[in-house]
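Reading through the structure tokens given below for one structure.
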Protein chains: 2
Amino acid sequence: MAGRIAAVSIVEAVAADLRTRIFAGELGSGESLTESQVASTYDVARPTAKASIEKLVAEGLLDRGTHKTARVVELGPDSVRDIYLARAYLESEVLRRLARTGDVPEAAVQANRDIAALQTGAPLDVVEPDMRFHTSLIDAVGNERISRMYRSLVGEVRLCMVRVQSLQLLDTALIQAEHQKILELIEAGQGEEAAGLLDEHLGRARERLVAAMGGTPGPEAEQPSGLLPQ
Amino acid sequence: MAGRIAAVSIVEAVAADLRTRIFAGELGSGESLTESQVASTYDVARPTAKASIEKLVAEGLLDRGTHKTARVVELGPDSVRDIYLARAYLESEVLRRLARTGDVPEAAVQANRDIAALQTGAPLDVVEPDMRFHTSLIDAVGNERISRMYRSLVGEVRLCMVRVQSLQLLDTALIQAEHQKILELIEAGQGEEAAGLLDEHLGRARERLVAAMGGTPGPEAEQPSGLLPQ
DNA sequence: CGCCCTATGATTGTCTAACAAGTACACATG
DNA sequence: CATGTGTACTTGTTAGACAATCATAGGGCG
């Protein structure tokens, strides 16, 4: 599917570029984005820029009040906990549901293979397949609205992942191993255990990120018992 | 719209009115809404009308593709099942979480009191407090993103509720009694049982609505065992 | 010297007007 | 009857403009 011509609207194109720039850290936390600024940057009309900005606000990547300039969101410890808890709500229930049928989505397997394949390289490279692993689990239940809800969270989740990886708070091998174990538990029909492991998986990332932000981390930040073979 | 000063933006005001008109059935399923139509109806500029329409599209109340006129969404049996399953995902997990602390949100109690109070009147009167009952449970977990996700579903849920009530598929007393029981189970810390009852509660509405739409209903559509005292 | 108030500039909300591009449907043609 | 064409309608985008609001820097006053 690498071909796929891009016949999207200008609004969407501008929004997409702003998105990648935010993820890349090019637009840092708290940075302000005026409508005219965006308009002149991409050489579009101001209403178009406005629409793009509003799109990103809806995604939670930008923040703005009436008559105030939009800013890149600043994630504090509270927001991070909020985001990860919301993830856990959706994802753990999804795992239980998937385990009931024992169906392991192929896309998730592939995503985890991709993680395993990139032993070397920049830490940020893991973000994309990691994100894909989790979204493909969500999509596997085949519920349009659930996917839509998760998607409204994905922007912020990704922002957190970028942080976690830039700070090197997690070992890639551990991520991959836990993903693997989750898939195995699903296949074995052990939904509750899969959900529990996911909670650990997310909890560790969450609390380490909180700690790195100056908050007081919970006990979840500690090393896992013994999942890694070596 | 008596009382309540309107200090919101024009876009929001137009969107709000369209929303109520959709809920009231004044704008039926499949009805088309042209940008210029909306613009002239409310005497606003077309870009303003456009923004309002896009807002409702994001809420799932309107449907539209690029370069195509927006239409009021048409809910088929598949969509109804999709919507109710998504609800169940969020709400059942919320009940488990609430049961863990035994906290019964006051707003939910009040909402159910309001349902009990309206023994008489139009069937549609139950929609608002019913909706409020469920949203207040969601909001009770105090997670901003979860509330946001649920809100992205609320429009469609409400549309379903309006249908259920117009067709008189459920007895108000039964709704109220099941809500009551759910609250009691939360207080007793029996999360799993509360979630189970909710599943029944939602499943019945769902399958009866599906049946009324010409789909083949599942077994959940049947009468409940014996919750009603008389 | 510090604080409150005002004035100025910047920014957003909304409007009018317009053109380009795409869609849908009736119509004519083979 | 199938197919192509044309016309009217609708949306996407732009430009420019004005009012309302917000932020900030000065000036007046205690």
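All chains are named by letter (A, B, ...) in the order of the sequence lines, taking the proteins before the strands, and each is independently numbered beginning at 1. Scope of the values below: all heavy atoms of this structure, side chains included, with no hydrogens, waters or symmetry mates.
With A:Arg208 as the fixed residue, the side-chain contact (heavy atoms from CB on, under 4.5 Å) test singles out one of A:Val164, A:Leu167, A:Leu170: A:Leu170. Just one of A:Ile138, A:Leu183, A:Val141, A:Ile182 meets the side-chain contact (heavy atoms from CB on, under 4.5 Å) condition when paired with A:Leu98; it is A:Val141.
Proximity of residues 45-53 of chain B to DNA chain D (heavy atom under 4.0 angstrom from any strand atom) is restricted to B:Arg46, B:Lys50. Within residues 55-68 of chain B, the residues having any heavy atom closer than 4.0 Å to DNA chain D are, in order of number, B:Arg64, B:His67, B:Lys68.
Atom CD in A:Gln37 sits roughly 9 Å away from atom P in C:dT12 (whole-Å rounding).
A donor-acceptor pair under 3.5 Å is formed between the side chain of A:Thr34 and the backbone N or O of A:Gln37. Between the side chain of A:Thr48 and the main chain of A:Val11, no donor-acceptor pair closer than 3.5 Å is present. The backbone N or O of A:Thr69 lies less than 3.5 Å from no partner atom in the side chain of A:Arg64, so there is not a single donor-acceptor pair. At distances below 3.5 Å, at least one donor-acceptor pair connects side-chain atoms of B:Asp82 with backbone N or O atoms of A:Glu144. Between the side chain of A:Ser29 and the main chain of A:Val73, a donor-acceptor pair closer than 3.5 Å is present.
Sorted by first and then second residue, the ring pair (Phe, Tyr, Trp, His ring centres under 6.0 Å) pairs with a member in residues 64-96 of chain A form an empty list; sequence neighbours excluded.
For DNA chain D, the span of nucleotides reached by chain B at under 4.0 Å from its heavy atoms goes, 5' to 3', from D:dT10 to D:dT13.
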Trace of the side-chain contact (heavy atoms from CB on, under 4.5 Å) decision for A:Ser9 with B:Thr66:
CA-CA 9 Å; A:Ser9 75; B:Thr66 44; 5.7 Å; no
What pairs of donor and acceptor atoms, side-chain ones from residues 74-81 of chain B against any protein atom, are under 3.5 angstrom apart with sequence neighbours left out?
{"from": "B:Arg81", "atom 1": "NE", "to": "B:Glu207", "atom 2": "OE2", "distance (Å)": "3.1"}
{"from": "B:Arg81", "atom 1": "NH2", "to": "B:Glu207", "atom 2": "OE1", "distance (Å)": "2.8"}
{"from": "B:Arg81", "atom 1": "NH2", "to": "B:Thr216", "atom 2": "O", "distance (Å)": "3.0"}

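Using a 4.0 Å cut-off between charged nitrogen and carboxylate oxygen, A:Glu156 and A:Arg163 do not count as a salt-bridge pair.
From one end of the helix from C:dC1-D:dG30 to C:dG30-D:dC1 to the other, with five pairs defining each end axis, the axis direction shifts by 10° (rounded to 10°).
Using cut-offs of 30° and 60° on the angle between ring planes, the pair B:His201 and B:His179 is perpendicular.
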